[in-house]
Amino acid sequence: MGLAQEAKRVADEFDFGPDAVRKAVKEFIREMDEGLQKEGTELSQIPTYVTAVPNGTEKGLYMAVDLGGTNFRVCSIQLHGNTTFSLTQSKVPIPRELMVAKTSKELFSFLAKQIEEFLKLHHEDHFTGYLRRRQTGEHKEEEIFNLGFTFSFPVQQIGINKGLLMRWTKGFDIQEAVGQDVCALLQTEIDALHLPVRVAALVNDTVGTLMARSYTSPGKTGTLLGAIFGTGTNGAYVEKLDKVTKLTSKADVGAYDKSTGDMIVNTEWGSFDNSLRTLPNTPYDIELDAKSVNPGIQMFEKRISGMFLGEILRLALLGLYNDPNIPLFRDENSAQNDVHSTTQIHPGSGLMKQWGIDTSLLSICAGDQSPGYRVIRQTLDNEYGISAVSAEDAETVREIAAAIGRRAARLSAVAIAAIVIETGRLKPATTEQKDGVNPPRGNVESEGKGDVPEEEVIDIGVDGSLVEFYPGFEDHVRQALREVEEIGTEGEKRVRIGIAKDGSGVGAALIALVAGRVADDTD
Ligand code: ADP
Ligand code: MG
């Protein structure tokens, strides 16, 4: 068999057709409902205690930190109150050894240290002034920054700034932290450094994205869904409070504002269909899962997000490479004589190491328009130790990478479609709007999609390197949305997807603001 047919065979293994999409959407809706009613379900459907989305008029100076999966970001945000903001931020990679440290203190003291550095660099006067006054006891409560803590792991939230870690994901594994209040862990380390910072709100990155998009998005319609496609994947959406029966039927829950009739729910959709009723399952998916730190869980995430797509590609390419009859990454002139002497793979190549291929390679493949795939070949050579890549090799990598990226986007569409359908947003806007979550806004701008009346727009905020940088991700999502009967071409046109740039920072600031209000009201 020639390389081209082999490449096609492997690419076809990643097909996820219209019927598969529709079946998965039904299952997603079933799991959404189940998760709203009871605990311990596949979709956790966690109530966030945030009951409204912002309308763009919010004001003030706030701090935010974001523990994603790859980086730690610290920022301060000035909300101007006219849908705009200014943001100062710093970003450091999280050291690998801290992700799997023995104790949570190692990780959280590192985080507090980064906050200290940030304050010294960007808010020096405020910081040193506070420290000085603190010694004489003259410091004031107002000097303390309210901080929104974006923590993008499953947490059982029990109050606006209190939440117990349920489990780690995305390669983190610090057993001692499971079950602990992550806000308290951070506050303890902040206090140890005497920083003028109060952890005011615990924010899932999806909720932050939802809030940030709703603050900045044009038009009157509040945002329905905030979704992350970064290291991991997850989404939070605006649900009707009376459907969240596992919360409303309980007496012993933290205080929340019931007046809006809504509750933002963090789906934790990374663990959608862990039992694989509807998800695709190639040999590469099976191997990736078996060798992961959490086999059998986060199965949806393992087919969609940045942490995993590169590894799926690696396993698929390795499958071809390891077959001596398939001429991938081999010098064709002498391949018949001695396979090992003609390999083009250098020692230490990422192809040979678990997690050795980054998902950015899929984006490079999808974006390479050059003749003979020069960019792909150069990247394989420079970054992955695979030299003298032929045009046919590059075409193989491109085709398989495209299939993996396309499947990821189509799976993402399953979650989006289910939430759009289940929240009833597709019904004519006039009946839906009467209890809309947002007051009307003054400055209505238009953001493309001019043919859809503003009140019919279903607004979705997204964030994460995959959706931001993978070429054509949104197009693939939209194609799949159209294939779902309840949505179709008409419904798909109403869906507006926008990047919530700096979403985690702005969103966390907005929730810190809301948290401040709640605290004031109860004082
Ligand atoms: P976080 O999840 O920590 O908030 P990001 O949203 O930046 O961070 O996502 C990081 C993930 O995105 C990593 O898994 C990385 O492999 C992947 N990634 C980085 N650059 C790209 C790119 N150009 N295209 C696709 N994926 C990318
Ligand atoms: Mg992120």
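The figures that follow rest on heavy atoms only: side chains count, while hydrogens, waters and symmetry mates do not. Ligands are counted one by one from 1 in listed order, and the atoms in each one are counted from 1 as well.
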Give the numbers and elements of all ligand 1 atoms closer than 4.0 Å to a heavy atom of [X].
X      : answer
Thr70  : 3 (O), 10 (C)
Gly464 : 6 (O)
Met307 : 14 (O)
Asn71  : 3 (O)

Is the backbone N or O of [Y] less than 3.5 Å from a side-chain atom of [X], with the two atoms forming a donor-acceptor pair by type?
X      : Y      : value
Arg213 : Gly226 : no
Tyr321 : Ala316 : no
Arg410 : Val21  : no

Specify the protein heavy atom at minimum distance from [atom]: its residue, its atom name, and the distance to 0.1 Å.
atom                    : answer
atom 14 (O) of ligand 1 : Gly306 C, 3.1 Å
atom 26 (N) of ligand 1 : Thr359 CG2, 3.5 Å
atom 9 (O) of ligand 1  : Thr231 N, 3.3 Å
atom 23 (N) of ligand 1 : Phe469 CB, 3.3 Å

I'd like to know whether Glu392 forms a side-chain hydrogen bond (donor to acceptor under 3.5 Å, both in side chains) with Tyr373, so could you lay out the CA-CA distance, the side-chain angles of the two residues, the decisive distance to 0.1 Å, and finally the verdict. CA-CA 9 Å; Glu392 216 192 4; Tyr373 304 118; over 6 Å; no

How many angstroms lie between CZ in Phe308 and CE in Met299, if you round to the nearest 0.5 Å? 10.5 Å

Note: heavy atom closest to atom 7 (O) of ligand 1, options Pro471, Ser465, Gly367, Ala408, belongs to Ser465

Nearest neighbour of atom 21 (C) of ligand 1 from the list Ser360, Gly503, Gly232, Pro93, on a heavy-atom basis: Ser360

What part of Arg73 sits under 4.0 Å from ligand 1 if we count only heavy atoms: the side chain, the backbone, both or neither? side chain

Note: Ser363, heavy atoms under 4.0 Å from ligand 1, region reported as side chain

For Asn266 and Thr48, what are the C-alpha separation, side-chain angles and deciding distance, and is it a side-chain hydrogen bond (donor to acceptor under 3.5 Å, both in side chains)? CA-CA 7 Å; Asn266 164 18; Thr48 61; over 6 Å; no

One pair to check against side-chain contact (heavy atoms from CB on, under 4.5 Å): Leu202 and Val182. What are the steps and the verdict? CA-CA 8 Å; Leu202 177 60; Val182 293; 3.8 Å; yes

N or O contact, Tyr470 vs ligand 1, cut-off under 3.5 Å: no

What I want to know is whether Gly230 and ligand 1 share at least one N or O pair that is separated by under 3.5 angstrom. no

Ser86 side chain near His80 side chain, heavy-atom distance below 4.5 Å: yes

Centroid-centroid under 6.0 Å between Phe153 and Phe151 rings: yes

